[in-house]
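Letters A, B, ... are given to chains in the order of the sequence lines, protein chains preceding strands, and every chain is numbered from 1. Any value given below was found using the heavy atoms of this structure, including those in side chains, with hydrogens, waters and symmetry copies removed. Only a predicted model underlies this, so the values are computations on that prediction, with no experimental measurement involved.
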Amino acid sequence: MMDRIWKREEQAVFALRSLYSRYGYVPYKMSHFEEYELYVHNKDFLVSDQIITFSGEGGQLLALKPDVTLSIVKNAPQTPGVVQKVYYDENVYRDYREIRQAGLECVGDLGEYEISEVVMLAVQSLSLMQERFALNISHMGLISAVLDSCGLTEGEKKQAMDCLRGKNLHGLQELCRGNLPAWEKLRTLAACRGNGEAVLKQMESVLTTQEEKNALGELAQLWRILESGGWTESVRLDFSVSSDLGYYSGVVFRGYLEGIPASVLSGGQYDKLPRKMGRKSRAIGFAIYLDMLQQHSQEDIQDIDTLIVHDGSVDTVILAQAAAEAAKQGSVLVSTSIPKDRTWKQMKQFEKGAQVK
Amino acid sequence: MKNWIHIALPKGRLGEKAYAMLKNSGYDCPALEDPGRKLIFENPEKGIRYFWVKPSDVAIYVERGAADLGIVGKDILLEYQPDVYELLDLRMGKCRMAVAGKKDFRDPVGQTLKVATKFPNITRSYYSGKCRDIDIIHLNGSIELAPILGLSHVIVDIVETGTTLRENDLMVYEEIVPISARLIANIASYQFKDTQINTIRERLQGQVERKYD
């Protein structure tokens with residue numbers, strides 16, 4: 001019964017809240033709007049630049065929040081040793097649509113543990129929502145270091161990022177024509193995918209600079225931690241996952257549920273955002289697009305257990321008793337006609353003052 | 001439950017050629033070869049389902065997950081920028097995106113350039129790279145008419161052999177980008193059907209290499 005009343009995304013929120021609280025994250029309730037200025041300065045951080053604005057009482061421009069992260073990071077703690085751990089379940093507004101989003105952010109003086117904890121929570125979040133899921137992990141520091149070492153122009157780097165994102169090997173080959181060392185590296189980066197150890201080994205064999213090796217080391221360490229917790233079964237390293245280099249500096253990841261045609265979870269380490277806001281903190285977090293769950297849920301809310309049809313002649317007391325009795329067993333709908341848009345398991349009919357069926 | 005692979009093929013010659021390649025790779029579908037009015041064709045033994053869609057819609061079917069794989073021209077990918085994996089260049093359906101105009105055309109550098117096209121995004125990004133002020137006239141067909149009737153100075157369109165241009169006293173002035181057919185995949189499906197998708201990709205790649213390398 002409860003399964004039927006809670007929509008798929010509501011069930012997910014319930015399970016996620018419980019998971020995040022168990023790891024010491026606290027709920028974060030925010031106001032519905034923010035000063036527009038906050039978003040203008042960080043437009044590239046947002047998924048969409050379609051922001052709904054209106055003027056506030058004092059004439060200042062306000063926006064219906066298109067994002068939660070910026071509001072949280074704005075107030076990130078800067079004291080050494082302090083980490084703020086929050087989760088949220090909020091409506092955000094993008095492209096003139098209201099979207100329900102859940103997620104968590106971990107900001108402040110982060111260390112290796114916090115980063116692995118957030119990735120582990122991303123894995124667990126997906127596993128709570130569905131048995132068959134996949135989480136792809138990549139590292140922006142590694143991608144950026146590889147691109148730097150390839151001797152590409154800024155324009156070519158952007159093209160290379162696009163090719164990586166699309167697993168477009170022919171495009172990368174075209175881009176690296178005459179630059180064999182670059183092709184060797186980028187091909188490996190684009191083609192290797194899968195279990196941590198195999199991918200890490202393949203990558204290690206082509207990397208040359210210290211920066212690249214440092215980034216790979218971070219990824220290797222993260223994999224070890226996840227593996228020790230038994231979280232790697234549905235996790236892969238895949239460098240087609242990438243986010244804006246202007247904000248993301250470390251690990252980035254995307255999560256998928258089987259049967260849903262786009263990613264439902266997206267996150268990463270975005271140290272450059274607090275830095276841009278003049279704060280000495282680091283940050284990692286992820287968002288879960290609950291609207292995707294809702295769009296692709298199979299449940300049929302039209303189903304009822306008992307349909308009671310009457311012609312108005314029966315004593316209302318009898319009708320009320322029948323309805324109450326049926327409601328104890330399951331769902332009931334009382335109607336004077338047979339509804340065309342519902343289905344039911346059993347039907348009770350009252351005609352001429354008595355039950356006929 | 002069987003893991004079906006859904007493939008969106010573009011209606012027309014390109015789609016037929018692509019199906020021939022898939023058939024050679026072992027993904028034949030006898031039902032598809034029977035002419036009729038059916039929209040979806042399947043081969044349960046191979047776990048594969050095909051459907052024909054308008055070429056410019058292939059990317060939408062794949063991006064939204066109605067198809068796991070699709071065959072689509074690079075022009076469509078450049079124009080609509082769908083969020084998909086572009087797994088393979090099939091090196092067929094080759095043509096180029098180009099700027100064409102009347103034979104006696106001279107760029108009116110002091111004025112806004114009027115450009116007629118079916119590809120406004122490609123056009124915009126090409127001319128913004130050149131910092132040229134343009135006025136885009138979005139047409140849906142018979143683009144070649146525009147410069148002849150003075151509707152535009154030039155057109156941005158796909159040029160295959162150039163016959164249509166020549167017959168109408170038009171010629172190519174600049175080449176923007178070469179175009180060919182690509183194999184694309186839905187990113188989320190790829191996570192769960194990677195073994196099947198990679199097998200299809202490798203077999204197609206084998207054919208492309210045997211033919212061209």
Highest number of heavy-atom pairs under 4.5 Å with chain A among B/Glu63, B/Gln191, B/Lys193 belongs to B/Gln191

Check: B/Phe51 ring centre within less than 6.0 Å of B/Phe41 ring centre: no

For B/Arg201, which atoms come within 4.5 Å of any heavy atom of chain A: side chain, backbone, both, or neither? side chain

Please determine, by modelled atom types, if B/Asp135 and B/Thr112 share a side-chain donor-acceptor pair under 3.5 angstrom. no

Cut-off 4.5 Å, heavy atoms of chain A, and the answer for B/Asp194 is side chain

Go through the atoms of A/Ser240 and report whether side chain, backbone, both or neither lie under 4.5 Å from a heavy atom of chain B. side chain

Part of B/Asn186 lying under 4.5 Å from any heavy atom of chain A: side chain

Is A/Arg254 close to chain B through its backbone or its side chain, or both, or neither, when contacts mean heavy atoms under 4.5 Å? neither

Could you check which of B/Val84, B/Ile184, B/Leu88 has the highest count of heavy-atom pairs closer than 4.5 Å to chain A? B/Leu88

Using distance alone, with no hydrogens and no angle criterion, decide if A/Ser249 and A/Gln269 have a side-chain donor and acceptor under 3.5 Å apart. no

So for A/Asp162, is it side chain, backbone, both, or neither that comes closer than 4.5 Å to the heavy atoms of chain B? neither

Measure from NZ or CZ of A/Lys167 to the centre of the six-membered ring of B/Tyr85, then state whether that distance is under 6.0 Å and the direction lies within 45° of the axis. yes

Could you tell me whether the side chains of B/Arg166 and B/Thr164 share a donor-acceptor contact shorter than 3.5 Å? no

Cation-pi check for B/Tyr212 against B/Lys94: NZ or CZ below 6.0 Å from the six-membered ring centre and within 45 degrees of the axis, yes or no? yes

